[in-house]
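Inspection log for the structure reproduced underneath, given as structure tokens.
Per chain, numbering begins at 1; letters A, B, ... match sequence-line order.
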There are 2 protein chains.
Amino acid sequence: MGFQETFRALSDPIRREILMMLRGKKMSAGEIASKFEVTGATVSYHLSLLKKADLVLETRQKNFIYYELNASVLEEIMLWLSQFGGKNDET
Amino acid sequence: MGFQETFRALSDPIRREILMMLRGKKMSAGEIASKFEVTGATVSYHLSLLKKADLVLETRQKNFIYYELNASVLEEIMLWLSQFGGKNDET
DNA sequence: ATGCTGTTTAGACAAACATCTAATTACACC
DNA sequence: GGTGTAATTAGATGTTTGTCTAAACAGCAT
């Protein structure tokens, strides 16, 4: 919890890419890792940060670990951002 | 430009606080710095990052430098965030 | 030109980050 | 119990970050 962790998590391109992949469907760690050039260990590290920031949820099944998006935190961020003029409020 | 810089800029509590201070009114660098415990040099460093991320604009006047909010980049961020379910789209 | 005030830049440094390789854990299946 | 596959954790390493002190720059006033 906390904006610090959330924004930091969102600051890395790999992590943003992971979140985008996760729109709609769950994916296993290996499946996610296969989409990147970096090692599986590195992707695992990124997943752990996303998990710590509460941006993804994990569920175990067989010996796979599936990740899915948790959009609720992103909505909090949107809410926070909306305090800055939001859009065209004062036409 | 780029989400990397923007999110990174938003990840620091001091920088978020500065942005909130700047809602509505311009403030000089010294005025901003006086609100924090850290040195003026440190605040200057944070301001430079905010400026680089295009989140603030500066205007010089006398020997003061005034900063003001530039909300447009924040709106881009909101737009990017809205791809993640936005709200309660699929009731 | 000299000095004063506001602000930034330079240099140093500890802490945090992203990445790798190697080792370890966690399950399932034979 | 042993083997194999999926994934994480540990340890090492180079880079980036946030902070400080001290120095430099920019204007204005004298």
Interatomic distance where CZ belongs to A/Phe36 and P belongs to C/dA18 [whole Å]: 14 Å

Which residue lies more 5' along DNA chain C, comparing A/Arg8 with A/Gly40 via nearest heavy atoms: A/Arg8

Geometric class of the A/Trp80/A/Phe3 ring pair [parallel <30°, tilted 30-60°, perpendicular >60°]: tilted

Within-4.5 Å side-chain heavy-atom neighbours: B/Thr59 and B/Ile65: no

A/Val56 and its side-chain contact (heavy atoms from CB on, under 4.5 Å) partner, picked from A/Leu50, A/Ile32, A/Leu49: A/Leu50

Comparing A/Ala41 and B/Tyr45 on DNA chain C - which has the more 5′ nearest nucleotide: B/Tyr45

Side-chain heavy-atom pair B/Met27, B/Lys35 within 4.5 angstrom cut-off: yes

B/Arg15/B/Glu17 ion pair, N-O < 4.0 Å: no

Between C/dC17 (P) and A/His46 (NE2): distance, integer Å: 12 Å

Phosphate OP1/OP2 of C/dC20: any A/Thr42 side-chain N/O under 4.0 Å: yes

Nucleic acid footprint by protein, nucleotides 1-7 of chain C - heavy-atom cut-off 4.0 Å, B for base, S for sugar-phosphate alone: ----BSS

Side-chain heavy-atom pair B/Phe84, A/Arg23 within 4.5 angstrom cut-off: yes

Test item: B/Asn70 side-chain N/O and B/Leu55 main-chain N/O as donor-acceptor pair under 3.5 Å: no

Nucleotide interval of DNA chain D bounded by contacts with chain A (heavy-atom cut-off, under 4.0 Å): D/dT5 to D/dG18

Sugar-phosphate only, base, or nothing, as touched by A/Ile32 at under 4.0 Å among non-hydrogen atoms: nothing

Salt bridge B/Glu5-B/Lys52, side-chain N to carboxylate O under 4.0 Å: no

